[in-house]
Protein chains: 2
Amino acid sequence: MMMQSDQTAAGPAAKFLTETDQLVFLMEEVTRRLRRIFDTSVEQFGLTRTQWRTLAYLYRTPGMTQTELARELELERASVGQAIDRLEELSLVERRSALNDRRVWQIHLMPAAVELLPKLRAEADAVYTRLLAETDKLELEQLRGTLTRMQANLDRI
Amino acid sequence: MMMQSDQTAAGPAAKFLTETDQLVFLMEEVTRRLRRIFDTSVEQFGLTRTQWRTLAYLYRTPGMTQTELARELELERASVGQAIDRLEELSLVERRSALNDRRVWQIHLMPAAVELLPKLRAEADAVYTRLLAETDKLELEQLRGTLTRMQANLDRI
DNA sequence: ACTACACTGTAAGGCACTTTACAGTAAATA
DNA sequence: TATTTACTGTAAAGTGCCTTACAGTGTAGT
């Protein structure tokens, strides 16, 4: 496992920024650009990233509670509560109290959201077409495999 | 990994979340976990992500202006100004006015920052050791290649 | 039943970043 | 030179998320 000192040339940069740093920066840059491009392309619908991600998860699993959403979205419960507040103002979702647990809200999509999702789907597909240009299926499987192992590695305490 | 509704066959999820969605989510998850782990591990030094990233860039290129830093860090100039304000309060950097352009500040590391950087280096290396477990050099080169092409793809307007 | 503990969502305040508008300075052009 | 245009950094207000603390509700142990 190289790094630590894979400085290829001279100068402070070589001492401080390793190949692994650069790889991680690259990963961050790709994901950041993806987020920004998609954020921009859904701006026309007046949605923030958290809002459209919330809608996508609720489409997959109707009736999720705020705590469940927080875990899936990797946000705090308070943040999800705020997002749901706004989505409710926009008439995109509604809170329904659960029958058997009066502590929780179950969140459901409203018709306006169901109409919106295919449009978000189209925006995402357009971005992906750009992203995946000249990339074959095998390469994507390798990418998925590497990232999956990294994810697992980072999980291990 | 299973959750609620990892229904793999039918159901809304199959219609809405594609393989590419999942790959993008995976990329985001790996980078998010990396950021969080490193944020936590440098918390002991009282630095935020933007602060340590700023120090790293200044180490590589002393005397950068705030606009240059903003471009490299992908932040707005105002945000960089605020970060520099705090780093200056911490005596980690100082603003020096440029000789030939009285509009700009050139930012330089102070001794305290230079002492700090090797410690950050050690923290990063520890995280990378976890991240790269069981990953060989070839695989990393493929990863780098794929991501570099994706980055270029996203650049093309 | 009573008690202690755990869980869900909310309120309040803080932080990092953004957006917008602006003053000061430099560079380009008439 | 005078005027316009472009660039650098700052100020103020807004946004989204977080942390902390809390009230309400469920659950387990006695």
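Throughout, protein chains are lettered first and strands after them, A, B, ... in sequence-line order, and every chain is numbered starting at 1. The model shown is predicted, which means the values in this text are computed figures rather than measured ones.
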Participant: Nearest-nucleotide wise, let me know which of Asn100(A) and Gln51(A) is further upstream toward the 5' end of DNA chain D.
Facilitator: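 The residue whose closest nucleotide sits nearer the 5' end is Gln51(A).
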Participant: DNA chain D: Thr48(A) or Arg77(A), which has the more 5' nearest nucleotide?
Facilitator: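 So the residue in question is Thr48(A).
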Participant: Could you state the atom-to-atom distance from CD of Glu76(A) to C1' of dA12(C) in whole Å?
Facilitator: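 The answer, rounded to whole Å, is 16 Å.
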Participant: Which listed nucleotide (dT18(C), dT10(C), dC17(D)) is nearest to the side chain of Leu75(A)?
Facilitator: dC17(D)
Participant: Could you state the CG-C1' distance from Leu47(A) to dG16(D), rounded to the nearest angstrom?
Facilitator: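 Interatomic distance, CG of Leu47(A) to C1' of dG16(D): 15 Å.
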Participant: So, is Arg49(A) near the phosphate of dG16(D), with a side-chain N or O under 4.0 Å from OP1 or OP2?
Facilitator: no
Participant: Select one nucleotide: of dT10(C), dT18(C), dT10(D), the one nearest the side-chain heavy atoms of Arg95(B).
Facilitator: dT10(D)
Participant: For Glu89(A) and dG16(D), what is the distance between atoms CD and P respectively, to the nearest whole Å?
Facilitator: 11 Å
Participant: Respond yes when some side-chain nitrogen or oxygen of Arg102(A) is under 4.0 Å from OP1 or OP2 of dT8(C), and no when none is.
Facilitator: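 No, no such contact exists.
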Participant: Whole angstroms only, please: what is the CZ-C1' distance between Arg35(B) and dC17(D)?
Facilitator: 13 Å
Participant: Is the gap between the ring centers of Trp52(A) and Phe45(A) under 6.0 Å?
Facilitator: no
Participant: What is the distance, rounded to the nearest whole Å, between atom CD of Gln82(A) and atom P of dG13(C)?
Facilitator: 14 Å
Participant: If I take atom CZ in residue Arg86(A) and atom P in nucleotide dT10(C), what distance separates them, rounded to the nearest angstrom?
Facilitator: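 In whole Å, dT10(C) P lies 13 Å from Arg86(A) CZ.
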Participant: Which is more 5' along DNA chain C, the nucleotide nearest Arg103(A) or the one nearest Gln66(A)? Just name the residue.
Facilitator: Arg103(A)
Participant: Do the rings of Tyr57(A) and Phe25(B) sit parallel, tilted or perpendicular, given the 30° and 60° boundaries?
Facilitator: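 Tyr57(A) and Phe25(B): parallel rings.
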Participant: The side chain of Thr50(A) is closest to which nucleotide in this list: dG16(D), dT8(C), dT18(C)?
Facilitator: dG16(D)
Participant: Select one nucleotide: of dT18(C), dG9(C), dG9(D), the one nearest the side-chain heavy atoms of Trp105(A).
Facilitator: dG9(C)
Participant: Report the nucleotide, chosen from dG16(D), dG26(D), dG9(D), that has the shortest atom-to-atom distance to any side-chain atom of Val104(B).
Facilitator: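 The answer is dG9(D).
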Participant: Ignoring hydrogens, what is the shortest heavy-atom contact between Leu132(B) and Asn153(A)? Give both atom names and the distance.
Facilitator: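 Closest heavy-atom pair between Leu132(B) and Asn153(A): C-ND2, 4.2 Å.
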Participant: Measure from the side-chain heavy atoms of Ala78(B) and tell me the nearest of dC17(D), dA11(D), dG9(C).
Facilitator: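 My answer, after comparing the listed nucleotides, is dA11(D).
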Participant: Can you tell me how far apart CD1 (Ile107(A)) and CE (Met64(A)) are? Round to the nearest 0.5 Å.
Facilitator: 10.0 Å
Participant: Taking 4.0 angstrom as the limit, do Asp39(B) and Arg33(B) come out as a salt bridge?
Facilitator: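 Judged by the 4.0 Å cut-off on N to carboxylate O distance, Asp39(B) and Arg33(B) do not form a salt bridge.
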Participant: Answer yes if the side chains of Gln151(A) and Glu29(B) hold a donor-acceptor pair under 3.5 Å, and no otherwise.
Facilitator: yes
Participant: As a test of reading the structure: which of dT8(D), dA26(C), dC18(D) is closest to the side chain of Thr67(B), going by heavy atoms?
Facilitator: dT8(D)
Participant: How many Å lie between CD1 on Ile84(A) and P on dT8(C), as a whole number?
Facilitator: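 The answer, rounded to whole Å, is 15 Å.
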Participant: Mind calculating the distance between CD (Glu68(A)) and P (dT8(C)) to the nearest angstrom?
Facilitator: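 Rounded to whole Å, this separation is 8 Å.
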Participant: So which nucleotide from dC18(D), dT10(D), dG9(C) ends up closest to the side chain of Ser79(A)?
Facilitator: dC18(D)
